[in-house]
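Heavy atoms only: backbone and side chains are in, while hydrogens, waters and symmetry mates are out. Remember, it's 1-based here, ligands and their atoms both numbered in the order they're listed.
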Amino acid sequence: MLRNKRIILGITGGIAAYKGAELCRLLVKSGCDVSVIMTESAQRFISPMTLEVLSGRPVGISLWATISDTSSAQRQIHHTEAGRHADCIVIAPATANFVGRLSHGLADDLLTSVVMASTTPVLICPAMNVEMFHNPLVQQNFARLSEISRYSVVPPGSGDLACGVIGEGRLAEAADILAALERVFLPKDLTNRNFLVTAGPTHEHFDPVRYLSNPSTGKMGYALATAAQERGATVQLVSGPVHLPTPPDVELVSVVSAEQMAEAVEQYIAKTDVLLMAAAVSDWRPEIYQAQKVKKETSNRDPSRHVMLTRTRDILLETKRHHNVVRVGFAAETEHILQHAKDKLVRKELDLIVANDVAAPQTSQTGFGTDTNAGWLVFSDGRTEELPLMTKKAFAHRILDAIVTIRKKEAV
Ligand SMILES: Cc1cc2nc3c(=O)[nH]c(=O)nc-3n(C[C@H](O)[C@H](O)[C@H](O)COP(=O)(O)O)c2cc1C
């Protein structure tokens, strides 16, 4: 996603300036075309030479060099030109001083001038002492910037700070900065769409402490909820029991059993545009629920030792009558994967089904519990598209890309 993106990396004068060098390396490694601009203070912490070598480009170090320097290298970073040709400006680390100058519209050095003289999105990654970060004036400055849509702040982390204290103010991890940068480039093609996503397993209890379930961890459903939200959708996530943090700006409904999940879906389906049933809903539940824990001393002949199963509600099938909802199912199969997926798509009248192989959960890189997935998209018109192994996040985006094409067709 970052390949060939033109990034201006602004490094300001904080102790974390050295981390700007690593970020520069990672941006270049991700395929970005990186131009670095350093404030005068930043050059006291790290040499422009380092950044020049890492970026493979001349480093902007002075507002005045762009005009008075006759060397063609310096002329390439012109304060009114540079930002216009960039896809994003990343300021990492951003000092309290820089945030203050930027939020008050000052343009008193090359970096602030480049930001001011462009409309490019700006990602601000602050790093500072904890008291400095919580200083009300500094917070006001962040708030001022956040009011303007082109500026977004990547919140600092907590931990050991260079000043010797523990607290908030550490530069965000490079992986988080790269993820935030990827979000800048995501299409907002799901804006004003309501998504209902189910995720995780269900637990079908036969007594208060024992249940029937499956190894689903919810990672695929949570990746879908996150990706849809990042592309502008309003997302309702109905989740079985999992150990995952709730994705930002996603509304979570926690359920335990298939029955509860069915009730939640029933409640929200009327205001849903797209239903993604990624949950691994149990097909069976114990017929009888014992209100008290069944004791292990219970005799073999005691009926409470015998668990009879009955079918749970078929949540996807029950939503069939909602014709204006784009309905997407998942088929986790162990054999005849495509055939079973196609049968399910027809039986449940789905718009799309995502098929994957869960035959070898312990060794495979796809299916339950893994961070990666591979599989097939099977469309209602019979088309299939194979998706190679990729992260569940990337897999989620491929599913959403497919959903966008279904929506467009329906709109015609
Ligand atoms: C050793 C040292 C470390 C500093 N670390 C930080 C820091 O982490 N964050 C910060 O906001 N300011 C820090 N400062 C203060 C800035 O360098 C100072 O505010 C400077 O004016 C910033 O200039 P700039 O924003 O133009 O880069 C530090 C100063 C010194 C001397």
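- Proximity of atom 16 (C) of ligand 1 to the protein is indicated by at least one non-hydrogen atom lying closer than 4.0 angstrom.
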May I have the list of side-chain donor-acceptor pairs in residues 20-28 shorter than 3.5 Å, sequence neighbours left out?
| residue | atom | partner | partner atom | Å |
| --- | --- | --- | --- | --- |
| Glu22 | OE1 | Arg25 | NE | 3.0 |
| Glu22 | OE2 | Arg25 | NH2 | 3.1 |

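- A distance-only check finds no donor-acceptor pair linking the side chain of Asp207 to the backbone of Gln292 [under 3.5 Å].
- Geometric assessment of Arg383 against the ring of Phe379 yields a positive cation-pi assignment under the 6.0 Å and 45° thresholds.
- Under the ring-ring contact (aromatic ring centres under 6.0 Å, His included) criterion, the residue pairs touching residues 92-135 are Phe133-Phe142, with sequence neighbours excluded.
- For atom 11 (O) of ligand 1, the closest non-hydrogen atom of the protein is Ala96 N, 2.8 Å.
- The side chain to side chain contact (heavy atoms under 4.5 Å, CB included) with Glu182 is formed by just one residue from the set His397, Lys5, Met1; it is Met1.
- Which parts of ligand 1 touch Met128 is read off a 4.0 Å heavy-atom cut-off, strictly below it: atoms 8 (O), 9 (N), 10 (C), 11 (O).
- Heavy-atom proximity to Ala127, at under 4.0 Å, picks out these atoms of ligand 1: 7 (C), 8 (O), 9 (N), 10 (C), 11 (O).
- Using modelled atom types, no side-chain atom of Asn141 and backbone atom of Ser103 make a donor-acceptor pair closer than 3.5 Å.
- Between the side chains of Glu52 and Thr50, no donor N or O sits under 3.5 Å from an acceptor N or O.
- When only modelled atom types and interatomic distance are considered, Asn135 and Glu131 share no side-chain donor-acceptor pair under 3.5 Å.
- Scanning all protein heavy atoms for the shortest distance to atom 28 (C) of ligand 1 gives Gly13 O, 4.0 Å.
- When each atom of ligand 1 is checked for a heavy atom of Phe98 under 4.0 Å away, the hits are 25 (O).
- Interface of Thr39 with ligand 1, defined as ligand atoms under 4.0 Å from a residue heavy atom, comprises 24 (P), 26 (O), 27 (O).
- Atom 5 (N) of ligand 1 has as its closest protein heavy atom Ile15 N, 3.4 Å.
- Set against the non-hydrogen atoms of Thr12, the atoms of ligand 1 under 4.0 Å away are 27 (O).
- In plain terms, the two heavy atoms of Ser146 and Val153 that are nearest each other are OG-CG2, 4.3 Å.
- The protein non-hydrogen atom at the shortest distance from atom 25 (O) of ligand 1 is Thr95 OG1, 2.6 Å.
- Under the side chain to side chain contact (heavy atoms under 4.5 Å, CB included) rule, Leu181 has a single partner from Cys88, Pro121, Cys125, which is Cys88.
- Looking at atom 6 (C) of ligand 1, its nearest protein heavy atom turns out to be Gly14 CA, 3.5 Å.
- Among protein heavy atoms, atom 31 (C) of ligand 1 sits closest to Phe45 CZ, 4.6 Å.
- Per-residue contacts place Arg101 under 4.0 angstrom from the following atoms of ligand 1 (heavy atoms of the residue considered): 24 (P), 25 (O), 26 (O).
- The Asn97 neighbourhood of ligand 1 comprises atoms 19 (O), 21 (O), 22 (C), 23 (O), 24 (P), 25 (O), 26 (O), with distances under 4.0 Å to a heavy atom of that residue.
- No part of Glu40 comes within 4.0 Å of ligand 1, judged by heavy-atom distances.
- The protein non-hydrogen atom at the shortest distance from atom 20 (C) of ligand 1 is Ser41 OG, 3.6 Å.
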